Amino acid sequence: MTRRFSFALLLLACPAMVLAADDPPPNIVLIYADDLGYGDVSCYGGRVATPNIDRLATQGLRHLDAHCSAATCTPSRYTLLTGSYAFRQKGTGIQPGDANLIIRPGSATLPSLLRDAGYDTAVVGKWHLGLGDGPIDWNGRVAPGPEAVGFDYHFLVPATGDRVPCVYVEENRVVDLDPADPITVRYGRPVGDEPTGVSHPERLKMKPSHGHADAIVNGISRIGFMTGGESARWIDEDMADVLSAKAVGFIERQREAPFFLFFSTHDIHVPRVPHSRFAGSTGRGPRGDAIAQLDWCVGQVVEALERAGLADSTLLIVSSDNGAVLDDGYVDQANELLGDHRPSGGLRGGKYSKFEGGTRVPTVVRWPGRVPPGSESGALVGQVDWAASLVSLAGGEVPPGALPDSRDQLPALLGDEAVGRPHLVEQAGGLSLRQGRWKFVPPGQSRERLGPWRSHKFDPPGALFDLQTDPGEQHNVAADHPDRVEQMRALLKRLRST
Ligand code: NG6
Ligand code: CA
């Protein structure tokens with residue numbers, strides 16, 4: 001089906017739409033925050049002001065039951081880009097910074113299918129899906145990378161802000177590397193006798209609380225060891241500026257083709273070291289300040305779209321890769337300065353958790369003239385479906401067998417349809433299952449505090465929660481509904497194996 005034809009069909013199917021049938025498909029900008037919890041932005045009740053994200057919600061749609069696919073980064077991102085559940089594929093857990101690319105080069109992905117549909121595609125920011133296909137030479141060409149899975153342009157934080165190498169990679173090369181000072185990266189044991197968080201704690205401006213005691217870069221000890229590359233090392237305080245400028249630059253370079261920008265921010269992941277413009281600005285410590293900084297990044301993109309006259313022709317989505325966490329490895333007073341801010345917005349658990357706080361994330365969708373301003377949706381929406389939905393929006397083709405777990409749920413994503421998925425698998429160590437108002441958590445442990453950790457253990461047959469009456473998952477009603485528990489257990493088993 002051609003792009004124009006399928007888009008015209010969509011127009012017929014959606015009476016709310018006011019665009020003309022021959023309008024081209026929109027640009028797509030996905031701003032993907034890191035570790036942003038359901039209650040972390042002010043339009044979801046957060047106590048840190050996020051005026052730019054709130055404005056998008058006022059101009060568009062706020063999802064109340066939208067989920068990333070896993071309660072940690074790598075599996076969520078893998079699922080988002082491949083339309084394939086990460087739990088089906090070994091080696092898709094949280095990756096070290098020297099991991100190889102975990103998406104098969106040349107496979108059909110969200111970006112590759114958008115590219116096939118005529119989109120110019122870019123990823124700017126956190127990658128965390130591995131690079132290369134053997135020992136990585138950080139001083140040479142670092143490939144395969146995003147270009148092998150559908151992105152025309154990339155500017156990356158290769159893994160995470162707290163993992164070496166602490167350098168940017170653009171177009172398969174470390175940025176600003178001096179060949180006379182080559183980089184060596186190693187996980188597990190030091191490369192040489194470089195200072196670490198353990199050997200030189202006096203050099204640290206932010207101390208680790210657990211892990212994160214290896215190489216010191218910019219006064220912060222990380223996970224993993226690296227030597228060399230002094231001129232290429234990033235400065236954490238500048239990262240939001242650097243990444244936003246690259247995202248804005250990509251938008252400003254656009255001429256004819258529609259484009260897809262995956263702007264994958266570092267904020268609000270650890271280490272939380274915002275620019276001095278934001279440090280101390282919220283009174284809630286570095287975590288609050290990182291939220292303010294993230295919101296500023298969103299504003300930069302919105303302004304760039306407006307300047308380029310592209311705001312009306314762009315579908316803009318803001319969401320997150322997993323739920324909230326407080327202490328995630330550094331002493332940054334995330335707990336102490338929380339005040340009345342509730343990062344998971346009253347949901348139980350957060351990052352790493354099988355409870356709703358693990359995967360239910362803020363999700364704001366703006367598309368002027370198409371998505372009604374100030375609207376809200378309670379549809380069950382999963383990021384696993386965004387690949388098929390956005391490719392469909394673009395008028396692209398999904399080849400047989402591609403994006404195997406992704407369904408075209410565009411009407412739910414855009415707020416035209418109120419129910420969404422019939423069921424949704426949530427991944428966090430193990431799997432849990434949503435079905436309408438019900439949530440089933442199989443027997444076993446689930447983390448429930450946002451750090452310091454506490455786990456809750458459910459004995460067989462597991463836990464059942466009625467989210468309609470108990471959104472905070474406090475009352476296990478499994479004993480009252482044995483048939484439903486059995487049906488959901490069997491459904492989860494089937495979904496896991498098919
Ligand atoms: C954990 C790290 C945590 C964070 C997480 C990945 C320790 C003790 N904890 O292993 O700090 O980096 O991995 O976060 O090292 S994610 O958002 O990329 O999934
Ligand atoms: Ca994350």
Side-chain angles (χ1 to χ4, degrees), residues 30-38 40 67-81 86-87 91-99 102 125-131 156-166 187-188 196-198 206-215 217 220-225 236 239 243 262-273 286-287 290-291 294 318-332 334-335 343-344 349-354 357-363 383 426-429 447 449-453:
L30 172 55
I31 303 180
Y32 206 50
D34 200 352
D35 297 1
L36 187 72
Y38 189 71
D40 270 329
H67 293 252
C68 53
S69 300
T72 51
C73 164
T74 302
S76 263
R77 287 156 197 263
Y78 176 90
T79 307
L80 174 74
L81 295 187
F87 63 76
T92 55
I94 297 172
Q95 295 293 303
D98 61 351
I102 61 171
K126 177 174 175 177
W127 181 241
H128 211 186
L129 294 163
L131 293 167
L156 307 179
V157 168
T160 61
D162 57 349
R163 282 173 174 73
V164 301
C166 300
Y187 277 73
T196 67
V198 175
M206 181 178 267
K207 301 219 178 304
S209 59
H210 50 277
H212 302 94
D214 302 340
V217 175
I220 300 165
S221 48
R222 318 277 168 158
I223 306 173
F225 300 91
D236 303 75
M239 192 179 276
L243 298 181
F262 178 39
F263 180 20
S264 171
T265 70
H266 159 68
D267 289 313
I268 61 170
H269 198 278
V270 297
R272 303 171 186 127
V273 195
R287 188 174 186 279
I291 294 174
L294 165 71
V318 180
S319 195
S320 177
D321 70 336
N322 53 249
V325 60
L326 292 174
D327 179 349
D328 205 17
Y330 291 96
V331 180
D332 64 2
N335 292 278
S344 293
K351 183 176 182 179
Y352 311 111
S353 170
K354 290 178 203 154
T359 62
R360 203 191 299 189
V361 284
T363 302
Q383 289 178 6
E426 300 174 14
Q427 178 185 349
R447 283 186 172 178
R449 279 256 298 270
L450 302 180
W453 307 116

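Just so you know, ligand 1 is whichever comes first in the structure, and atom 1 is the first atom listed for that ligand. All figures in this text were calculated on a predicted structure; none of them were measured in a lab. Hydrogens, waters and symmetry mates are skipped; everything else that's a heavy atom, side chains included, is used.
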Exercise. Under a 4.0 Å N-O cut-off, is there an ion pair linking Asp328 with Arg272?
Worked result: no
Exercise. When you measure from atom 13 (O) of ligand 1 to each heavy atom in Arg222, Arg163, His210, His212, which option holds the nearest one?
Worked result: Arg163
Problem set entry | Heavy-atom nearest option to atom 19 (O) of ligand 1, drawn from Cys73, Ala70, Gly161 | Cys73
Exercise. Between Asp328 and ligand 1, which part of the residue brings a heavy atom under 4.0 Å of the ligand: side chain, backbone, both or neither?
Worked result: both
Problem set entry | ligand 1 to Lys126 polar contact by distance, N or O atoms, under 3.5 Å | yes
Problem set entry | Which of the ligand 1 atoms, numbered from 1, are nearer than 4.0 Å to a heavy atom of Asp34 | 17 (O)
Problem set entry | Side-chain donor/acceptor of Ser209 to backbone N/O of Tyr330, under 3.5 Å | yes
Exercise. Which atoms from ligand 1 have a heavy atom of Asn322 less than 4.0 Å away?
Worked result: 17 (O)
For this session: Pull out every atom of ligand 1 sitting under 4.0 Å from any heavy atom of Thr72, numbered as shown with elements.
Result: 19 (O)
Exercise. Just which atoms of ligand 1 are under 4.0 Å from any heavy atom in Asp162?
Worked result: 3 (C), 4 (C), 11 (O), 12 (O)
Exercise. Rounded to the nearest 0.5 Å, how far apart are CD of Gln95 and NE2 of His128?
Worked result: 6.5 Å
Exercise. What do we get for Tyr352 next to ligand 1 when only non-hydrogen atoms under 4.0 Å count, side chain, backbone, both or neither?
Worked result: side chain
Problem set entry | Whether Glu426 side chain and Ser353 backbone form a donor-acceptor pair below 3.5 Å | no
Exercise. What residue among Asp35, Asp40, Asn335 forms side-chain hydrogen bond (donor to acceptor under 3.5 Å, both in side chains) with Arg287?
Worked result: Asp40
Seminar exercise, completed: The expected count of protein N/O/S atoms at less than 3.0 Å from the Ca ion (ligand 2) is 5
For this session: Before accepting this row, confirm whether a basic side-chain N of the pair Arg77/Asp321 lies closer than 4.0 Å to the acidic partner's carboxylate O.
Result: yes
Exercise. Between Asn322 and Tyr352, is any pair of side-chain heavy atoms under 4.5 Å apart?
Worked result: no
For this session: Using a strict cut-off of 4.0 Å, indicate which atoms of ligand 1 neighbour a heavy atom of Thr160.
Result: 18 (O)
Problem set entry | ligand 1 atoms in contact with His128 (distance to a heavy atom under 4.0 Å) | 18 (O)
Problem set entry | Short side-chain to backbone donor-acceptor contact, His67 and Gly358, under 3.5 Å | no
Exercise. Atom 14 (O) of ligand 1: which protein heavy atom is closest, and how many Å away?
Worked result: Lys351 NZ, 2.8 Å
Problem set entry | Subset of ligand 1 atoms that lie under 4.0 Å from at least one heavy atom of Ile223 | 15 (O)
Exercise. Do Phe87 and Thr79 come close enough that some side-chain heavy atom pair is under 4.5 Å?
Worked result: no
Exercise. Parallel, tilted or perpendicular: which fits the ring planes of His212 and His210, with parallel below 30° and perpendicular above 60°?
Worked result: perpendicular
Exercise. Is it true that Arg222 and Asp236 make a salt bridge, defined as a side-chain N closer than 4.0 Å to a carboxylate O?
Worked result: yes
For this session: Taking side-chain hydrogen bond (donor to acceptor under 3.5 Å, both in side chains) as the test, write out the residues that go with Thr160, two or more places apart.
Result: Asp162, Arg163
